[in-house]
Amino acid sequence: MSPLFPALQRGSDLVALEFGERALSYGGLFDAAEALAARLEGAGRVVVWATSTLETAVAVVAALRAGVPAVPLNPKSGATELGHIVSDCAPSLVLAAPGDELPPALGSLTRIDVEVGAAPPQERSGPEPAEDEPALIVYTSGTTGPPKGAVLSRRAVAATLDALADAWQWTERDVLVHALPLFHVHGLILGILGPLRRGGTVRHLGRFTTEGVARELTKGGTVLFGVPTMYHRIAESLDTEPELVEGLRRARLLVSGSAALPVHDHERIGAATGCRVIERYGMTESLITTSVRVDGRPGPGTVGLPLSGVELRLVDEGGAPVAEDDPEAVGEIQVRGPNLFTAYLNRPEATAAAFAEGSWFRTGDMAVREHDGYLRIVGRKATDLIKSGGYKIGAGEIENALLEHGAVKEAAVTGEPDADLGERIVAWVVPADPTAPPTLEDLATHVASRLSPHKRPRVLRLLDGLPRNDMGKVMKRSLGGS
Ligand code: MCA
Ligand code: AMP
């Protein structure tokens with residue numbers, strides 16, 4: 001089996017990872033990952049306390065080396081979310097940075113501290129695992145119920161990263177700047193494993209700031225990855241931060257993804273810097289499926305063309321492909337290829353429901369195809385999925401959490417447009433006691449501590465009753481839901 005990371009070699013002093021002042025060469029990463037991999041052999045699944053640190057990168061590379069599926073955890077996850085993930089994926093170990101305090105939900109697991117300076121064992125750990133072995137399990141929200149674990153194979157990871165290298169002319173000379181969290185596909189697979197597969201360098205900012213982006217792009221960064229909220233904040237800062245304009249001008253490639261980047265932000269960045277932002281489209285389950293190519297026409301507001309190896313079709317409500325030459329014909333995007341996930345962990349029915357006949361994965365995203373094949377995403381099939389700050393958030397999950405709050409009698413959650421976040425979460429609540437309704441802060445803290453801070457409602461609207469149809473179903477559209 002060919003190695004996932006060919007540049008990972010004993011003794012190499014090429015820089016692989018930089019997190020602020022802390023860095024690891026390919027040789028250092030090899031040593032640390034081999035040492036940890038030797039301790040992981042036969043471990044079953046492991047969860048990784050995925051802080052934005054070198055330790056997370058070492059932990060994931062070591063698990064990949066050992067052939068042990070890694071489950072990245074959001075270190076800001078609340079008790080309900082963590083409890084669900086741990087009982088669902090039944091890990092044998094938790095990998096964390098020395099000194100990190102872990103919450104009680106992980107208390108029953110054996111802990112291994114990730115040592116970035118570890119010496120390698122004498123013997124290299126076993127052979128490279130087979131391509132169809134699970135590499136990562138990434139939890140992703142659905143319309144109802146708790147998040148599902150998408151099982152991603154080594155083949156899927158390699159296929160998506162190689163197809164992106166082709167579309168973006170991504171090489172070992174690139175220095176990627178990013179500030180994304182490391183528990184999702186965007187930040188971890190594209191942002192960390194991507195540069196490592198190419199043999200290039202990644203510089204992680206720890207947290208997103210426009211000053212950090214400016215500094216790293218003027219100090220040799222060549223590529224920037226971000227979600228639209230980050231590019232929106234960049235667009236807002238261009239007038240007052242000349243070094244940001246300078247940094248962006250020097251970059252070879254600016255890529256946005258995880259949600260739609262408004263054309264206005266494309267235009268503001270283009271006007272101030274002369275550079276275009278390239279959009280690519282994907283999903284946890286499918287990894288990345290389309291992109292504007294660096295050697296293609298710009299296409300702001302579109303997500304470009306299918307990547308090499310990806311088959312893509314648009315289908316109507318009856319499941320029939322829509323006319324390919326009709327730029328007005330809206331259809332659901334369905335994809336097929338080596339990039340697809342294997343299954344939802346422990347959820348055979350949900351897995352089966354995710355595919356149409358012929359192994360086509362139903363993305364639930366609606367799009368049109370422009371005259372030259374560029375895809376333009378026009379919406380989503382499910383009204384109960386919200387994209388806020390690039391995070392996918394299921395309305396049902398938040399409703400369930402709100403209903404656990406003593407002051408809440410009924411609850412419905414919708415998304416509404418937000419210039420910064422794309423969409424913001426709105427909680428529509430019927431209070432248990434109308435004379436003592438809950439406050440937004442109460443409910444935000446409640447949701448943040450159970451689920452995750454990014455799932456907290458940003459707006460609270462109190463009602464006497466929820467609008468329901470004859471079947472008793474809440475009519476979200478009459479609440480102004482998307
Ligand atoms: C605020 N905070 C709270 C509360 N209120 N904490 C607990 N309880 C509360 N009530 C904290 C937050 O945790 C955060 O902490 C800080 O206050 C600010 O929160 P917030 O306003 O929510 O965040 P932000 O700083 O404005 O973040 C914007 C962001 C972020 C940086 C753009 O949304 C982000 O990183 N998004 C990336 C999403 C992503 O990677 N998606 C990929 C999945 P602190 O400041 O300490 O953090 S999609 C995917 O993978 C597919 C394949 C794809 O296509 O890419
Ligand atoms: P997730 O399940 O968190 O991986 O999010 C995947 C979803 O993000 C997709 O189904 C799309 O709705 C959305 N998405 C990702 N990239 C883009 C993009 N460039 N433009 C519009 N939506 C996007």
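If you read the sequence from its start, that first residue is 1, and numbering goes on from there. Counting convention: from 1, in listed order, for ligands and their atoms alike.
- For ligand 1, the atoms sitting less than 4.0 Å from at least one non-hydrogen atom of Ala448 are 7 (C), 8 (N), 9 (C), numbered in the order shown with element in parentheses.
- Ser291 is listed as a side-chain neighbour of Trp168, based on a closest heavy-atom distance under 4.5 Å.
- You'll find the side chain of Leu443 reaches within 4.5 Å of the side chain of Val408, heavy atoms only.
- Of the candidates Ser256, Ala259, Pro228, it is Ala259 that places a heavy atom closest to atom 22 (N) of ligand 2.
- For Asp372, the salt bridge (charged side-chain N to carboxylate O under 4.0 Å, His left out) test picks out Arg297, with sequence neighbours left out.
- Taking the side chain as every heavy atom from C-beta outward, His454 and Asn74 approach each other to under 4.5 Å.
- Here the heavy atom of the protein found nearest to atom 1 (P) of ligand 2 is Thr284 OG1, 3.5 Å.
- With ligand atoms numbered from 1 in the order given, ligand 1 contributes 50 (O), 52 (C) to contacts under 4.0 Å with heavy atoms of Val185.
- At a heavy-atom cutoff of 4.0 Å, ligand 2 is contacted by both the backbone and the side chain of Met283.
- Classified by interplanar angle (parallel below 30°, tilted 30° to 60°, perpendicular above 60°), the ring pair His204/Phe19 is parallel.
- A centroid separation of 6.0 Å or more is found between the aromatic rings of Phe183 and Trp49.
- For ligand 1, one of its N or O atoms has an N or O atom of Gly389 under 3.5 Å away.
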Criterion side-chain contact (heavy atoms from CB on, under 4.5 Å) on Leu64 and Phe5, from CA distance to verdict
CA-CA 10 Å; Leu64 288 167; Phe5 306 116; 3.8 Å; yes

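- Counting only heavy atoms of the protein, atom 21 (C) of ligand 2 lies nearest to Ala260 N, 3.3 Å.
- The closest non-hydrogen atom to atom 42 (C) of ligand 1, taken over Ser258, Ser452, Pro457, Ser286, comes from Ser258.
- Ligand 1 places these atoms under 4.0 Å from at least one heavy atom of Gly282: 54 (O).
- Taking every heavy atom of both residues into account, Leu136 and Leu188 meet most closely at CD2-CD2, 4.1 Å.
- Within the structure, the closest approach of Arg458 to ligand 1 falls below 4.0 Å when heavy atoms are considered.
- In summary, of the residues considered (Tyr344, Trp360, Phe361), a ring pair (Phe, Tyr, Trp, His ring centres under 6.0 Å) with Phe355 occurs for Phe361 alone.
- At a 3.5 angstrom cut-off on N or O pairs, Lys387 does not count as close to ligand 1.
- Taking each of His178, His446, Met283 in turn, the one with a heavy atom nearest to atom 52 (C) of ligand 1 proves to be Met283.
- Close approach of ligand 1 to Leu180 (heavy-atom distance below 4.0 Å) involves ligand atoms 40 (O).
- Heavy atoms of Lys387 found under 4.0 angstrom from ligand 2 belong exclusively to the side chain.
- In the vicinity of Lys392, heavy-atom distances shorter than 4.0 Å reach the ligand 2 atoms 2 (O), 3 (O).
- Residue contact check for ligand 2: Val185 places no non-hydrogen atom closer than 4.0 Å to it.
- Selection from Gly422, Gly187, Pro181 by nearest heavy atom to atom 40 (O) of ligand 1 gives Pro181.
- Considering both main-chain and side-chain atoms, His186 comes within under 3.5 Å of ligand 1 through a nitrogen or oxygen pair.
- For atom 1 (C) of ligand 1, the protein comes within 4.0 Å by at least one heavy atom.
- Of the heavy atoms in Asp365, only side-chain atoms (C-beta onward) come closer than 4.0 Å to ligand 2.
- Between Leu479 atom CG and Leu463 atom CG the span is 6.5 Å, to the nearest 0.5 Å.
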Would Asp174 and Thr222 count as a side chain to side chain donor-acceptor pair (under 3.5 Å) here? Give the steps.
CA-CA 6 Å; Asp174 280 310; Thr222 64; 2.7 Å; yes

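- Neither side chain, Ser153 nor Glu133, offers a donor N or O lying under 3.5 Å from an acceptor on the other.
- A distance of 4.5 Å separates CG of Asp265 from CZ of Arg268, quoted to the nearest 0.5 Å.
- For atom 18 (C) of ligand 1, no protein non-hydrogen atom is found at a distance below 4.0 Å.
- Taking a 6.0 Å sphere around CD of Glu324, one finds it holds 12 or fewer heavy atoms contributed by other residues, nucleotides or ligands.
- Remark: the Ser141 side chain and the Glu397 side chain contain an N/O donor-acceptor pair separated by less than 3.5 Å.
- Counting protein heavy atoms only, atom 16 (N) of ligand 2 is closest to Ser258 N, 3.2 Å.
- Checked by atom type, the side-chain pair Glu241/Thr210 shows a donor-acceptor distance below 3.5 Å.
- The heavy atom nearest to atom 43 (C) of ligand 1, out of those in Ala179, Gly390, Pro453, is found in Gly390.
- Contact atoms of ligand 1 toward Thr284: 52 (C) (distance under 4.0 Å to a heavy atom of the residue).
- The protein heavy-atom contact nearest to atom 19 (N) of ligand 2 is Arg280 O, 2.8 Å.
- Where the criterion is an N or O separation shorter than 3.5 Å, residue side chain and backbone included, Lys76 meets it with respect to ligand 1.
- In summary, the atoms of ligand 2 found under 4.0 Å from a heavy atom of Thr140, numbered by their order in the structure, are 2 (O).
- Side-chain contact, His266 with Glu279: a donor N or O sits under 3.5 Å from an acceptor N or O.
- Using a 4.0 Å cut-off to heavy atoms of Thr229, the atoms of ligand 1 that qualify are 32 (C).
- Selection from Arg456, His454, His184 by nearest heavy atom to atom 20 (P) of ligand 1 gives Arg456.
- Between Arg280 and ligand 1, at least one N/O pair is under 3.5 Å apart.
- Checked against Leu224 for a side chain to side chain contact (heavy atoms under 4.5 Å, CB included), the options Val255, Leu248, Val277 give a single hit: Leu248.
- The shortest N or O to N or O distance between Ser388 and ligand 1 is not under 3.5 Å.
- Counting only heavy atoms from C-beta outward, the side chains of Thr201 and Leu17 never approach each other to under 4.5 Å.
- For atom 24 (P) of ligand 1, the candidate residues are Arg207, Arg233, His232; the nearest heavy-atom contact is made by Arg233.
- Taking distance alone, with nitrogen or oxygen atoms compared against 3.5 Å, Met230 stays at or beyond that limit from ligand 1.
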